[in-house]
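Keep in mind that what you see is a predicted model, and the values were worked out from it rather than measured. When a residue number appears, it is its place in the shown sequence, counting from 1.
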Amino acid sequence: MLETTDIKELITILLFRKGLSMRKLVKKMNEAGYPEMTIGGFSKMLKTGSIKFTKVQEILDFLGYGLKVVEKKPTQH
């Protein structure tokens, strides 16, 4: 399980694990019928942190991953 709060870092790690570049991911997702996206638009979304939750879900689905939301353990101050 990966633990990060940086979506760009998370996607980069997952792409590395699958042997894909961002360019290849975009091309393959477009070919597979996912909503059209460009490498420039995808890169900008990651760089600015403006990527939508639904887009992250699509990418994870395409890569064979899913999201799991777990409750945080209380921290003592």
Side-chain touch Leu15/Leu25, heavy atoms, less than 4.5 angstrom: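 They are in contact (side-chain heavy atoms under 4.5 Å apart), so the answer is yes.
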Heavy-atom closest contact (Leu46 atom, Met22 atom, distance):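 Taking Leu46 first and Met22 second, the nearest heavy atoms are CD1-SD, 3.7 Å.
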Distance, nearest 0.5 Å, that separates [atom1] of [X] from [atom2] of [Y]:
X     : Y     : atom1 : atom2 : value
Glu31 : Lys28 : CD    : NZ    : 7.0 Å
Ile39 : Ser21 : CD1   : OG    : 7.0 Å
Lys55 : Met29 : NZ    : CE    : 5.5 Å
Leu63 : Leu20 : CG    : CG    : 6.5 Å
Ile11 : Leu60 : CD1   : CG    : 6.5 Å
Thr54 : Glu58 : OG1   : CD    : 5.5 Å

Stepwise side-chain contact (heavy atoms from CB on, under 4.5 Å) check, Val56 with Ile7: CA-CA 8 Å; Val56 171; Ile7 194 63; 3.9 Å; yes
Contacts of type side chain to side chain donor-acceptor pair (under 3.5 Å), residue Tyr65, not counting sequence neighbours: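 In terms of side chain to side chain donor-acceptor pair (under 3.5 Å), with neighbours along the sequence ignored, Tyr65 is linked to no residue.
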hydrophobic_cluster_shared for Ile59 and Phe16, side chain cutoff 4.5 Å: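 Phe16 does not cluster with Ile59.
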Side-chain donor or acceptor of Asp61 paired with backbone N/O of Gln57 under 3.5 Å: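 Answer holds: no.
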Expected output: side-chain Thr48 to main-chain Lys44 donor-acceptor under 3.5 Å: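 Yes, the answer is positive, given that a donor and an acceptor are paired below the 3.5 Å cut-off.
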